[in-house]
Number of protein chains: 2
Amino acid sequence: MAIPKLTTLELRIMEAVWKHGACSVREIQEAFPAAGRPAYTTIQTTVYRLETKKALRRVKKISNAHIFEASISPHAARGKLIDELLSLFGGGPSLLMAHMIETGKLTKEDIAEAEEVLAKHKRKGKSE
Amino acid sequence: MAIPKLTTLELRIMEAVWKHGACSVREIQEAFPAAGRPAYTTIQTTVYRLETKKALRRVKKISNAHIFEASISPHAARGKLIDELLSLFGGGPSLLMAHMIETGKLTKEDIAEAEEVLAKHKRKGKSE
DNA sequence: TAGTATCTACTACGTCTATAGTAGATTCGC
DNA sequence: GCGAATCTACTATAGACGTAGTAGATACTA
């Protein structure tokens with residue numbers, strides 16, 4: 001199943017659903033910071049679009065409100081974003097990492113952490 | 001100077017200008033792979049839009065053609081992209097790195113390379 | 001200089017996105 | 001059961017993007 005391309009607002013809605021679990025349009029809307037919160041119907045429209053994109057689906061109805069659930073995982077959605085970014089950086093992580101180092105976003109600690117994660121991942125991978 | 005938001009096509013045009021240096025619309029168009037190359041006027045329109053976004057500027061005229069030059073650096077433009085991605089990953093590189101490791105995009109070698117870049121960067125940074 | 005090629009400037013248009021209003025259905029409280 | 005609140009479904013719209021055509025200006029060539 002291909003991960004659909006999600007826009008910023010769509011992604012923020014997905015984040016809300018991923019975080020809160022199955023929820024209504026109202027709950028999604030209220031997950032947005034009160035300052036600059038989009039209108040209820042703005043969220044509603046975008047939720048519907050996420051539905052046609054197969055990123056959300058209706059699971060049940062509570063009272064007169066539909067309850068939505070994510071059909072794609074945060075892991076998969078983020079993976080797609082990363083793939084797209086990497087493709088703009090020549091396909092590999094080198095340029096991306098180099099850039100983060102130059103701009104101070106990637107520190108010694110982050111690298112050490114990455115090594116640990118890698119080691120852990122390798123151990124798991126071995127058993128597959 | 002804020003870096004404007006660039007779309008995919010815009011970014012590909014910028015890449016061409018960054019690579020070739022100041023060039024004409026025709027040269028930009030021909031930098032695209034022949035298969036699926038957009039029409040001349042498609043490039044032209046997008047170049048104009050990049051001009052209003054202050055990402056490109058006309059520097060001179062050769063014969064009857066304008067020559068364009070980048071007003072923003074690849075470094076800055078890529079930095080903006082990375083910032084946007086990182087903000088979707090909680091602001092830090094950890095989640096991003098972890099994801100790349102899990103999906104096999106980040107290897108031991110990449111991490112070793114990053115360490116070298118970091119060391120090199122630190123040496124340079126010290127003298128500033 | 002006359003014809004041809006090229007380029008600019010402008011216009012057009014379908015799609016997508018963010019935005020939100022409205023009408024009618026549903027439900028809840030009393 | 002009736003009024004108020006809430007929700008859905010539909011409609012609308014402005015701006016951005018990718019796409020490209022056309023008319024007129026400019027320049028090269030023979």
Side-chain angles (χ1 to χ4, degrees), chain A residues 2-17 20 22-69 77 80-81 84 88, chain B residues 2-17 20 22-69 77 80-81 84 88:
Chain A
I3 302 299
K5 186 162 163 42
L6 303 178
T7 64
T8 311
L9 178 61
E10 287 173 343
L11 214 39
R12 284 198 284 165
I13 287 176
M14 292 306 294
E15 297 283 354
V17 179
H20 288 72
C23 55
S24 65
V25 172
R26 178 66 62 185
E27 286 170 301
I28 293 170
Q29 193 215 4
E30 283 171 357
F32 281 71
R37 176 183 293 168
Y40 179 87
T41 47
T42 299
I43 302 294
Q44 193 204 15
T45 302
T46 310
V47 164
Y48 287 178
R49 286 183 189 150
L50 283 168
E51 224 188 330
T52 63
K53 284 187 181 182
K54 310 277 187 203
L56 289 180
R57 64 168 179 269
R58 319 185 169 201
V59 284
K60 58 180 169 177
K61 200 168 179 179
I62 290 184
S63 170
N64 63 342
H66 291 299
I67 301 298
F68 295 87
E69 194 175 76
K80 188 181 168 65
L81 282 176
E84 274 165 17
L88 296 170
Chain B
I3 302 301
K5 188 162 162 44
L6 303 178
T7 63
T8 311
L9 179 60
E10 288 173 343
L11 215 39
R12 284 198 283 166
I13 287 177
M14 292 307 294
E15 298 281 356
V17 179
H20 288 74
C23 56
S24 66
V25 172
R26 180 66 62 186
E27 287 170 301
I28 293 170
Q29 193 215 5
E30 283 171 357
F32 281 71
R37 175 183 295 169
Y40 178 88
T41 47
T42 299
I43 302 293
Q44 194 202 16
T45 302
T46 310
V47 164
Y48 288 178
R49 286 181 187 156
L50 282 168
E51 225 188 329
T52 63
K53 283 188 182 182
K54 310 278 186 200
L56 288 181
R57 63 167 179 269
R58 317 185 171 201
V59 284
K60 58 181 170 178
K61 200 167 179 180
I62 289 184
S63 170
N64 63 343
H66 291 300
I67 302 298
F68 295 86
E69 194 175 75
K80 188 181 165 66
L81 282 177
E84 273 165 18
L88 296 170

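Just so it is clear: chains get the letters A, B, ... in the order the sequence lines come, proteins before strands, and each one is counted from 1.
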Check whether any side-chain heavy atom of [X] lies under 4.5 Å from a side-chain heavy atom of [Y], and answer yes or no.
{"X": "Phe32(A)", "Y": "Ile43(A)", "answer": "yes"}
{"X": "Leu9(B)", "Y": "Thr42(B)", "answer": "yes"}
{"X": "Phe68(B)", "Y": "Val47(B)", "answer": "yes"}

Who passes side chain to side chain donor-acceptor pair (under 3.5 Å) against Tyr48(A), sequence neighbours left out?
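Testing Tyr48(A) for side chain to side chain donor-acceptor pair (under 3.5 Å), a comparison that skips the adjacent residues, returns Gln44(A).
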Rounding to an integer number of Å, can you tell me how far [X] [atom1] sits from [N] [atom2]?
{"X": "Ile28(A)", "N": "dC7(D)", "atom1": "CD1", "atom2": "P", "answer": "12 Å"}
{"X": "Met14(A)", "N": "dT17(C)", "atom1": "CE", "atom2": "C1'", "answer": "17 Å"}
{"X": "Asn64(B)", "N": "dT26(D)", "atom1": "CG", "atom2": "P", "answer": "9 Å"}
{"X": "Glu27(B)", "N": "dT6(C)", "atom1": "CD", "atom2": "C1'", "answer": "14 Å"}
{"X": "Leu6(A)", "N": "dA18(C)", "atom1": "CG", "atom2": "C1'", "answer": "15 Å"}
{"X": "Ile43(B)", "N": "dT8(C)", "atom1": "CD1", "atom2": "P", "answer": "13 Å"}
{"X": "Gln29(A)", "N": "dA18(C)", "atom1": "CD", "atom2": "P", "answer": "16 Å"}
{"X": "Lys5(A)", "N": "dT15(C)", "atom1": "NZ", "atom2": "C1'", "answer": "14 Å"}

Closer than 4.0 angstrom, basic N to acidic O: yes or no for Glu10(B) and Arg49(B)?
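Arg49(B) and Glu10(B): not salt-bridged.
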Using a cut-off of strictly less than 4.0 Å between a heavy atom of the residue and any atom of DNA chain C, enumerate the qualifying residues of residues 44-62 of chain B by number.
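Within this stretch, Gln44(B), Tyr48(B), Arg58(B) sit under 4.0 Å of the strand.
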Test side-chain contact (heavy atoms from CB on, under 4.5 Å) on Met14(A) and Leu56(A); report intermediate values, then the result.
CA-CA 8 Å; Met14(A) 292 306 294; Leu56(A) 289 180; 3.7 Å; yes
Does Arg26(B) place a side-chain N or O at less than 4.0 Å from the phosphate oxygens OP1/OP2 of dT6(C)?
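Answer no for this pair, as no side-chain N or O of Arg26(B) is under 4.0 Å from OP1 or OP2.
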Has Tyr40(B) got a side-chain N or O lying under 4.0 Å from the OP1 or OP2 atom of dG21(D)?
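The answer is no; no side-chain N or O of Tyr40(B) sits under 4.0 Å from OP1 or OP2.
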Which nucleotide in dC28(D), dT27(C), dT26(D) has an atom nearest any side-chain atom of Ser63(A)
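For the Ser63(A) side chain, the nearest candidate turns out to be dT27(C).
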Closest nucleotide among dT26(D), dA20(D), dT17(C) to the Thr7(A) side chain:
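Output: dT17(C).
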Contact class for Thr42(A) (heavy atom, under 4.0 Å): base, sugar-phosphate, or nothing?
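If one applies the 4.0 Å heavy-atom cut-off, Thr42(A) turns out to touch a base.
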Could you tell me whether Thr41(A) contacts a base, only the sugar-phosphate backbone, or nothing, with contacts defined as non-hydrogen atoms closer than 4.0 Å?
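It contacts base atoms.
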State, to 0.1 Å, how close Ala31(A) and His20(A) come at their nearest heavy-atom pair, and which atoms those are.
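It is CB-CE1, 4.0 Å.
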For Leu9(B) and Ile67(A), find the nucleotide of DNA chain D closest to each by heavy atoms; which residue's nucleotide sits nearer the 5' end?
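Nearest nucleotide further toward 5': that of Ile67(A).
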Go nucleotide by nucleotide along DNA chain C from the 5' end; which of Arg12(A) and Ala65(A) gets its closest nucleotide reached first?
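Counting from the 5' end, the first nearest nucleotide belongs to Arg12(A).
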